[in-house]
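Note sheet for the following structure.
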Amino acid sequence: MRTSLKTFAGVAAAGSLMFSLAACSPSNSGSSAPVSTSSSSASAEMPKPLAAIPALTGVSTAVKLDASFAKALETLQLTPGVVGTAALTDGSLVFPITGGKVDYYDPAKDYRPYVQGLISHAGSGFSLTAGETKVDLTNFTIDPGTSKLYGDVAVNGETAAKQAYIFNLDGSTLKPLAKSGDTAILEGTRVLISDTAAGLLNKTFKTDAVKADMLVGIAKITVNTK
């Protein structure tokens, strides 16, 4: 992929909306897998994006776990772990970006949402274990047009859901774009448990303590710019 830093900065600077609760993004509380947001919200004629990254090549999405989430896991007697290529480093869960694309349209026009695409994290995830019950949350997909993160859910190795709506991404606290060498960094998005995930976890672990919008942590997205 050939994407200049200038072009990417144009996407990411205004495209900090990739991980925000942008008012233009549609609201959808369903649990279905992500689809192209352009098909449901596009105007009659699809405009040309101002900038595009047609093939993401990494690097990672890291989530700095909040102390309140760690305390909740302790209270529920849930032990966290990593799955596949994920890592737990300095209190952050790190998931490699394995693919995807992002298109950025002119926000002054009527085309919505004006940040669209998918960001994939295949082959990684994290687990929650209590006694003989283990839940794996893996293969995360971020849909920037809806500020949602989807993933596969398995209980004791058996698939419970494919690409379920797991986390809501609140970008209202997002910091300005930072650049380091050939990477760009977006940091500050709040990662919140969705109502769908809360229901799945409560049912699996036989509790009602997992609440929708519980803060998991703060996300740091690092992507290659060339």
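Scope of the values below: all heavy atoms of this structure, side chains included, with no hydrogens, waters or symmetry mates.
- Two residues are said to be in side-chain contact when any heavy atoms from C-beta on lie closer than 4.5 Å; D106 and P47 fail this criterion.
- I142 and I218 fall into different hydrophobic clusters, defined by Ile, Leu, Val, Met, Phe, Trp and Tyr side-chain heavy atoms under 4.5 Å apart, directly or through other members.
- Counting heavy atoms from C-beta on, the side chains of F167 and S194 never come closer than 4.5 Å.
- There is a path of hydrophobic side-chain contacts, each under 4.5 Å, that joins L76 to L93.
- Side-chain contact between D143 and L118 is present, with at least one heavy-atom pair separated by less than 4.5 Å.
- The ring-ring contact (aromatic ring centres under 6.0 Å, His included) contacts involving residues 171-202 comprise nothing, where partners must be two or more places apart or lie in separate chains.
- I166 and V83 end up in different hydrophobic clusters when Ile, Leu, Val, Met, Phe, Trp and Tyr side chains are linked at under 4.5 Å.
- The nearest pair of heavy atoms linking K109 to R112 is O-NH1, 2.7 Å.
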Determine all donor-acceptor pairs shorter than 3.5 Å in which one atom belongs to a side chain in residues 199-211; sequence neighbours excluded.
residue : atom : partner : partner atom : Å
N202    : OD1  : A209    : N            : 3.4
N202    : OD1  : V210    : N            : 3.0
N202    : ND2  : A198    : O            : 3.1
N202    : ND2  : V210    : O            : 2.8
T204    : OG1  : L200    : O            : 2.8
T207    : OG1  : A209    : N            : 3.1
K211    : NZ   : D208    : O            : 2.9

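- With R190 as the partner, the side-chain hydrogen bond (donor to acceptor under 3.5 Å, both in side chains) test is satisfied by one option alone out of T173, D170, D213, N168: D170.
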Walk me through whether Y165 and D195 qualify under side-chain contact (heavy atoms from CB on, under 4.5 Å).
CA-CA 8 Å; Y165 169 35; D195 53 355; 4.0 Å; yes
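- Through direct or indirect side-chain contacts shorter than 4.5 Å among Ile, Leu, Val, Met, Phe, Trp and Tyr, L192 is connected to L215.
- Both V102 and Y111 belong to a single network of hydrophobic side chains, linked directly or stepwise wherever heavy atoms of I, L, V, M, F, W or Y lie under 4.5 Å apart.
- By the salt bridge (charged side-chain N to carboxylate O under 4.0 Å, His left out) test, D152 pairs with K162, sequence neighbours left out.
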I would like to know whether N224 and V59 meet side-chain contact (heavy atoms from CB on, under 4.5 Å); could you show each step before the answer?
CA-CA 6 Å; N224 287 328; V59 176; 3.3 Å; yes
Might you work through the side-chain contact (heavy atoms from CB on, under 4.5 Å) test for T141 and I119, ending with a clear yes or no?
CA-CA 6 Å; T141 303; I119 303 172; over 6 Å; no
Would V135 and L78 count as a side-chain contact (heavy atoms from CB on, under 4.5 Å) if you check the C-alpha gap in whole Å, the side-chain angles of each, and the deciding distance to 0.1 Å?
CA-CA 10 Å; V135 173; L78 296 178; over 6 Å; no
Which donor-acceptor pairs under 3.5 Å do side chains of residues 120-133 form with protein atoms, sequence neighbours excluded?
residue : atom : partner : partner atom : Å
H121    : ND1  : F140    : O            : 3.2
H121    : NE2  : T61     : OG1          : 2.8

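- The salt bridge (charged side-chain N to carboxylate O under 4.0 Å, His left out) pairs that include a residue from residues 74-101 are K101-D103, where partners are two or more places apart or lie in different chains.
- Within the 4.5 Å cutoff, no side-chain heavy atoms of E187 are placed close to those of I221.
- Linking Ile, Leu, Val, Met, Phe, Trp and Tyr residues whenever their side-chain heavy atoms come within less than 4.5 Å places I193 and V153 in a single cluster.
- Here the rule is side-chain contact (heavy atoms from CB on, under 4.5 Å) with V223, and of I97, T57, T183 only I97 fits it.
- From S68, atom OG reaches atom CE of M214 across 7.5 Å, with rounding to the nearest 0.5 Å.
- With contacts defined as side-chain heavy-atom distances shorter than 4.5 Å, the pair V191/L169 qualifies.
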